[in-house]
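Written out below as C-alpha cells is the structure these notes cover.
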2 protein chains.
Amino acid sequence: MQPPLDACSDPTRGLGLSAVEPGWPSNEAPPTLLRTAPSWLINKTALYSHRIIGEAFAAIGARRFHVGLLASLVEFGPSSQASLGRRCGFDRSDVAEMINELAEAGHVERTQDPSDRRRNIIQITDAGRIHLERLTATLDAAQQELVAPLSADERADLARLLGRVLDYQVGRHPL
Amino acid sequence: MQPPLDACSDPTRGLGLSAVEPGWPSNEAPPTLLRTAPSWLINKTALYSHRIIGEAFAAIGARRFHVGLLASLVEFGPSSQASLGRRCGFDRSDVAEMINELAEAGHVERTQDPSDRRRNIIQITDAGRIHLERLTATLDAAQQELVAPLSADERADLARLLGRVLDYQVGRHPL
DNA sequence: CAGAAAAGTTGGCTTTACCAACGTTGGATC
DNA sequence: GATCCAACGTTGGTAAAGCCAACTTTTCTG
C-alpha cells in the first residue's frame, strides 16, 4: 500500500524515528537518486556558495565578480576586457558592464590601447588594490564558513577534484 | 596527494612562466585566487553541470527537475507538493508549476487529499515511471561525462565531500 | 586589396531561485 | 465553540547570471 502521506505534519519537532541525514527536516530527506547524483550535489552546494559569498560581499558593498577581475589585474597586469573575460569565464558583454561599475567606483581605469585601438586597457587603481584586500579577506571568511565541516586535507581534496573536472571541461568547451 | 593521472594537472605549483593548465586558452588561465577558491571551483563546475545535464535532458524532451520529483514519488510514495519541495529543495510556488507540467505530460496525477483539503496528493503514473527510467539513464550518462576525468574512487570522494558540506549547510539553513 | 577575425558596446532573452500576498483549510489554545 | 496561528497551494513578480545576436571599429590574413 501507500506510505502515509506526510508522516510528520508539524516540521518543528522531529520524531526522530528514522535514520535521516543530520540537518534535513524530519522524515523529508531528499531522494537517494539526488543524494548520490554528483550533479545535484554540485548544484545545491553551488547554491549555498552563491548565498554565503553573495551576502558576505553585499555586506561590504561589493559584488561577486569584483574579486576575479581585480585579482586578474593584479596577477597579470593591465589587460583588455576580452582577456579578463576569458580568464574569469565571463561573456564580453558582461565584462563591459562590470568594468563600467568598477570604473565608476574608482577601482579600475579604462583607457584605449594606442597600439590597438580596438582594445581597452584596464588597469587597477590604488583604491582597487585596497578594495581587493578587503575582498579577499571577506572571501576567505565566507569560504571557511562554506566548507566548515571539512578538514584542511579534505578541503584540499575537494579543490583538487573540482579543479580536475574543471580543467577537463574547459578543454572540451572553453568558458 | 596522488601522482598525476592524466596530463600535468598540478594547479598548486605555479612556475610563473609557461605552466598553463591543460585546456585553458593560451596564456589566459584564471587568476590563482580563483583557481584556489572553493567557491569559484564549485560555481564553475556547477555551470558545466547545468549545461551538460540540461542539454542531455532537453534532447529527450525533459527538464532537470523531473528527476528529483519523480524519484521522490517513487521512493517515498504519493506526497504533497510542499513535501516534494522540501525534499528536492524547491520553493512551493515553483513546485506548483512543475507539477502542472508533469501532470499535463501525464507523468503525474494530482488529486485533492480528502483528509486534508489543503493538500494535493501527487502520484506518479505508469507513464511517469517509464519516463523516470529514461531520465535516470540519461542522467547517468550525462554525469559520467561530467566527472569523466575522475576515477571511481575519486567520484565517490567528491560525492562524499560535497554531501558533507551540503548536510552541514542544510542544518544551518534548511533549503 | 578583400575578407575574416577580434574587440567593445548595446540590447535582449532564458533560466533559476526567491519572495510576497492571498484565500483556504486544519490544528491548537483558551 | 470561537479565535488565533500555521500550513498548503496558487498567482505574480523580482533579481541575478549566463548567454546570444547584432553592430561598429579596427586589425590581421591571404
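Convention: sequence-line order gives letters A, B, ...; per-chain numbering from 1. Note that these values count all heavy atoms, side chains included, but never hydrogens, waters or copies made by symmetry.
A donor-acceptor pair is defined here as one N or O able to donate and one able to accept, closer than 3.5 Å; no such pair exists between the side chain of A:Arg87 and the backbone of B:Pro31. Side chain of B:Ser49 to backbone of B:Thr45: no donor-acceptor contact under 3.5 angstrom is found. Between the A:Asp113 side chain and the A:Ser115 main chain, a donor and an acceptor come within less than 3.5 Å of each other.
Across C:dG26, D:dT27, C:dG8, the shortest atom-to-atom separation from the side chain of A:Ser80 is found for C:dG8.
Taking atom CD1 of residue B:Ile122 and atom P of nucleotide D:dC8, one finds them 13 Å apart after rounding to whole Å. To the nearest angstrom, C1' of D:dT26 lies 12 Å from CG of A:Asn120. D:dT25 atom C1' lies 14 Å from atom CG of A:Asp113, rounded to whole Å. Remark: C1' of D:dA7 and CZ of B:Arg86 are 9 Å apart, rounded to the nearest angstrom. When the C1' atom of C:dA7 is taken as reference, atom CD1 of A:Ile99 falls 14 Å away, rounded to whole Å. Computed from coordinates, the B:Arg64 CZ to C:dT16 C1' distance equals 8 Å when rounded to whole Å. Nucleotide C:dA17 holds its C1' atom 10 Å from the CZ atom of A:Arg51, rounded to whole Å. As a whole-Å value, the separation of A:Met98 CE from C:dT10 C1' is 15 Å.
In this structure, A:Gln143 and B:Ala37 approach most closely via the heavy-atom pair OE1-CB, 3.1 Å.
Not one side-chain nitrogen or oxygen of B:Gln112 sits closer than 4.0 Å to the OP1 or OP2 atom of D:dG9. Contact check, A:Arg110 against C:dG8: no side-chain N or O comes under 4.0 Å of OP1 or OP2.
Residues B:His107 and B:Arg129 have side chains that never bring a donor and an acceptor to within less than 3.5 angstrom of each other. Defined by atom type and a distance below 3.5 Å, a donor-acceptor pair is missing between the side-chain atoms of A:Gln123 and A:Thr111.
In terms of position on DNA chain D, the residue among A:Arg118 and A:Phe90 whose nearest nucleotide sits closer to the 5' end is A:Phe90. Comparing B:His50 and A:Ile121, the nucleotide of DNA chain C nearest to each residue sits closer to the 5' end for A:Ile121.
For A:Arg119 against C:dA7, no side-chain N or O and base N or O form a donor-acceptor pair under 3.5 Å.
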Filtered N/O pairs between nucleotides 11-14 of chain D and protein, under 3.5 Å:
unit_1, atom_1, unit_2, atom_2, d
D:dG12, O6, B:Ser93, OG, 3.4

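Of the charged side-chain nitrogens involved, at least one lies within less than 4.0 Å of a carboxylate oxygen, so that B:Arg160 and A:Glu154 count as a salt-bridged pair.
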